[in-house]
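As the structure is a prediction and not an experimental result, all values here were calculated from the model. Naming: A, B, ... by sequence-line order, numbering from 1 per chain. Both backbone and side-chain heavy atoms feed into the values below; hydrogens, waters and symmetry mates do not.
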Amino acid sequence: MNYTEKVMDHFMNPRNVGKIEDANAIAEVGNPSCGDVIKMYLKINGEMIEDIKFQTFGCGAAIAVSSQTTEMVKGKSLKEALDITRDQVADELGGLPAVKMHCSNLAADALHQAVKTYMKEHGIA
Amino acid sequence: MNYTEKVMDHFMNPRNVGKIEDANAIAEVGNPSCGDVIKMYLKINGEMIEDIKFQTFGCGAAIAVSSQTTEMVKGKSLKEALDITRDQVADELGGLPAVKMHCSNLAADALHQAVKTYMKEHGIA
Amino acid sequence: MERIYLDYNATTPVRPEVRDAVLPFLNKLFGNPSSRHLEGRQVKTKIEAARAQVAAAIGADPERIVFNAGATEGNVTVLRGYQVNYKEKKGRNHIIVSGVEHPAVYDTAKKMAGEGYEVSFVPVDGEGNLDMAFLKNAIKETTGLISVMTVNNETGVIYPVKEIAKIAHEKGILFHTDAVQAIGKMPFSVKDIDADFVTLSAHKVYAPKGVGALYIKKGKRLDPLLTGGHQENNRRAGTENVVGMVAMGRALELASGEMAADRERIGKIRDAFEARILAEVPHTRRNGGADNRLYTTSNISFRFVEGEAIQLKLDYHGIAVSTGSACSSGTLDPSHVIMAICNGDEEEAHSSIRFSFGKYSKMEEVGYVVDRVKEVVAQLRSFSPLYDKFMNSKPK
Amino acid sequence: MERIYLDYNATTPVRPEVRDAVLPFLNKLFGNPSSRHLEGRQVKTKIEAARAQVAAAIGADPERIVFNAGATEGNVTVLRGYQVNYKEKKGRNHIIVSGVEHPAVYDTAKKMAGEGYEVSFVPVDGEGNLDMAFLKNAIKETTGLISVMTVNNETGVIYPVKEIAKIAHEKGILFHTDAVQAIGKMPFSVKDIDADFVTLSAHKVYAPKGVGALYIKKGKRLDPLLTGGHQENNRRAGTENVVGMVAMGRALELASGEMAADRERIGKIRDAFEARILAEVPHTRRNGGADNRLYTTSNISFRFVEGEAIQLKLDYHGIAVSTGSACSSGTLDPSHVIMAICNGDEEEAHSSIRFSFGKYSKMEEVGYVVDRVKEVVAQLRSFSPLYDKFMNSKPK
Ligand SMILES: Cc1ncc(COP(=O)(O)O)c(C=O)c1O
Ligand SMILES: Cc1ncc(COP(=O)(O)O)c(C=O)c1O
């Protein structure tokens, strides 16, 4: 089981880690007993994701995928964020070991959940 | 499966090989389909085995055992010949591989058969 | 920088003396040990010498040793083949194994449970010790085999195999122990324990991977897994792994002579390391009781962070450790062993790291390793949602 | 004097290039390939490269190759594990194997016959060729597997495996071939033959003993014999024999490139030897037809004398040959293969010697070997009671 260089880079130097104190969209997915918990904090302004940070409990892939996802959506619109799929994240990272593909699901899931909740709360269709 | 030096010596330089043209006791034991046939030719004078030769079709052990047996009985009495056991022959050779112990049976068997037939024919008890 | 290898329970380097012992077999000594010609006989003599070396290391007679491809094969052979010893063959289909066995026993037993066998798994407590009352109660008319490892590969916990052998034999039941992690590291005598079957592996004692041995007590038998040729006295068919056998023999011979000194030296390093980690890294837990544990192993859960992440970062810093056992690395489930010991707290199970020490471990390395562990765990906790939650829930 | 080794079908020396390839794995490259740290990943990469080399040698995709402890394990795994491919699992318990298979197939099949399986053994004619009509007639509703070797280890006879695979597949039956003696010596493509399972061994192609591989066609499965860890993609548990795998890969890579030249050179030596023996030693018989036979092997019966005696004397004169196969050497029964070919004439079967040629065979050796064979056979006949009888029964 080998990680790509890009996975290792994101894992060793994760981008956008931590919390956003005044986040207006937050979502947590996963479960400690599965070994992965990803929590996303978003600062949304109108249709735009102005800032995004994450906290992750999980394996190297889970951390890299979280970091990669935040990079892909920062400054993007909500619609663009919803279009990002788990496979795209994995592709951006140069692929993930087969056994780890479920970890990448989690980050996109957390992002989508945060955005959808925000849209619902703000009546955005 | 290792043969002792003595087995190898008897195998490479078998004593008393061949036929005795004027033998007065002959016996053959074994069977080509078992892989071993031993034929003993004896020249008996009164109670004494004056000469003994053998022909053997068989493995190294069968040949060594045949040779060893002839050495052990040449010049011995009929009674002494009957006392020789397969185990004695094997012991004289410094032992035989377990899987080969049946070959040593054959030579003593051939000897005993020849001697017994002779004694019967000559009314020796 | 030299790397620091702390994964001796997963596998060990081939030591130079063992390498030297096998080189002739990669060269002139190439005969098939079953061949009757000189080339074959020369090699046959050498594998018999290796057999004697392995036998000596466990106090057995050489003819009781069957070489094979490793402890997985040994364990499967015992589990699949023990019933041949019983008259009521098919009736003795209940086996008792500990809940902390290596997958070669644990998963095999689970599989057998779906194939007409009945299996009881004996649980362990929070220190990794076996529930002996459970074990005794599990025994019934149909029990044919009890299998409990000598030393656990993930925690180093030592099991009372002599006592269990006695319990088994009192009820006329066969006893097997997987002694892979014990052999060459602590005194071990098949006669003292009175085991019926013992499995060994070479690659944990500085010999190559892919070779092992099985001890079968006199008068006992196993239905062979590999059938065909007459090798190993009709107990295991297949052309012999000559290089592996010679290596295993030499390695165990060396290990027996060095055991006491190793124990002293390596034990000190492990203890120094463990004491500092537990004292200097908050929210840690040792998996396995302090006593009753082999000096080779330190298994620690670092709460709020996931084991693989720690492992990867330490690897980056030149330190090789493991999460769970190497064999489990194809799955994402936490080790059933650590799960058992954590009483089902999966988060703690996911947070465990095994540090295992061996011949080339040095006291001087402890400081560097402890510093990196502290650093890495702190980094990972800094963005762990679980740690964040924990800290915020604490009364200020 | 240098010894003359003519027992390449029993086993081969490790060639220097293969030895060089494995030395790093007896040294710095010692990680467990299942470990995620650098030590493990480095080794994992190398065993995957070895897998690709083995795959290339038989025209397979690398992920179709499962490494194991040799062809005995491979053969037993196929025979014991094929039924998992059928819905009517238990119903597909009839297997068809040739009467000249290696004991790992032949004896295993015999054993299975006593355990709820039904087995048909396909006979051969006096040239060693399979009775194809028998094979076709043996097929029935419950047939689940046909297993016929590619090249016989005792005679060198080549079997029409492509044709048999087709017959099997037309009836929806799985086909397995033991290709141990073919691999690296003649062109062999799993795609061309369309085999479902193929067993290979390393030690016949100048790599060490105790390692082999199993090809499993895409979409087909085998119930694993060894269970536990997740190695080999869950198809064969147990820490990998890294040295063996790397060696096997390198050896097959080399063999593929040298096959054509070897065939030419070694074939000439075998032919020259055989022609002289048959012409100059009276009362001999070649076991195996002249055509349809691999260039490596010459199996001759020397009437009126027993094979082991010839072998021992040749050994004394520095020549290594064999009677039957090395695996059979624990018994005294004549090889079932030679028995089959001798039409049950056990005397001729007991009189057979296998001369097998390989990479280090030299044309210059032929003269010495033929002279010693003539001398030894004559010596042994001089006191053979069977020869005496034969000579005296001849009309003068
Ligand atoms: C306790 C224990 N049993 C069995 C095994 C399996 O041994 P092998 O890799 O030789 O199959 C191992 C290690 O891999 C082990 O630690
Ligand atoms: C045709 C054939 N099949 C199987 C085997 C057994 O292979 P291994 O010794 O690797 O188990 C051999 C040789 O030993 C062989 O010649």
Please determine, among D:G210, D:A71, D:G318, the option with the most heavy-atom pairs under 4.5 Å with chain C.
-> D:G210
Out of C:V211, C:V242, C:L38, which one racks up the most heavy-atom pairs below 4.5 Å with chain D?
-> C:L38
Partner set under side-chain hydrogen bond (donor to acceptor under 3.5 Å, both in side chains) for D:E73, not counting sequence neighbours = D:R236
If contact means a heavy atom pair closer than 4.5 Å, which residues of residues 107-117 of chain C contact chain D?
-> C:D107, C:T108, C:K111
Under 4.5 Å heavy-atom distance to chain C, tell me which part of D:V22 shows up: side chain, backbone, both or neither.
-> side chain
So how far is it from D:H203 NE2 to C:F30 CZ, rounded to the nearest 0.5 Å?
-> 13.0 Å
Distance from C:D7 atom CG to D:E39 atom CD, nearest 0.5 Å?
-> 8.5 Å
For C:N27, is it the side chain, the backbone, both, or neither that has a heavy atom closer than 4.5 Å to a heavy atom of chain D?
-> both
Using non-hydrogen atoms only, which part of C:F25 is less than 4.5 Å away from chain D: side chain, backbone, both, or neither?
-> backbone
About how many Å separate OG1 of C:T12 and CG of D:N32, when rounded to the nearest 0.5 Å?
-> 10.0 Å
Among D:V243, D:D20, D:L26, side chain to side chain contact (heavy atoms under 4.5 Å, CB included) partner for C:L26 = D:L26
Structural part of D:Y106 lying under 4.5 Å from a heavy atom of chain C = neither
Using non-hydrogen atoms and a 4.5 Å limit, figure out which bit of D:N241 sits close to chain C: side chain, backbone, both or neither.
-> both
Hey, which of C:M245, C:Q311, C:E240 has the most heavy atom pairs under 4.5 Å with chain D?
-> C:Q311
Search all heavy atoms of D:K209 against all heavy atoms of C:P33 and return the closest pair with its distance.
-> CD-CD, 4.3 Å
Contact check, side chains of D:V76 and C:L225, non-hydrogen atoms, under 4.5 Å = no
Check whether C:P13 gets within reach of chain D through its side chain, its backbone, both or neither, counting any heavy atom under 4.5 Å.
-> both
What is the distance from atom CG of D:L226 to atom CG of C:N75, rounded to the nearest 0.5 Å?
-> 10.5 Å
Can you establish whether the number of heavy atoms outside D:Y360 located under 6.0 Å from its atom OH is more than 12?
-> yes
Which heavy atom of D:G229 sits nearest a heavy atom of C:P103, and at what distance?
-> N-CB, 4.0 Å
Tell me, out of D:E101, D:R80, D:R19, who's got the most heavy-atom pairs with chain C below 4.5 Å.
-> D:R19
Side chain / backbone / both / neither for D:V14 at chain C, heavy atoms under 4.5 Å | both
Engaged part of D:N234 at the chain C interface, taking heavy atoms whose separation is under 4.5 Å | neither
Around C:K46, counting heavy atoms of other residues, nucleotides and ligands shown, do more than 12 lie under 6.0 Å from its NZ?
-> no
State the CZ-CG distance between D:R41 and C:D315, to the nearest 0.5 angstrom.
-> 5.0 Å
Between CZ of C:R36 and OG1 of D:T323, what distance do you get to the nearest 0.5 Å?
-> 3.5 Å
Please name the pair of heavy atoms, one in D:H37 and one in C:R3, separated by the smallest distance, quoted to 0.1 Å.
-> CB-NH2, 4.3 Å
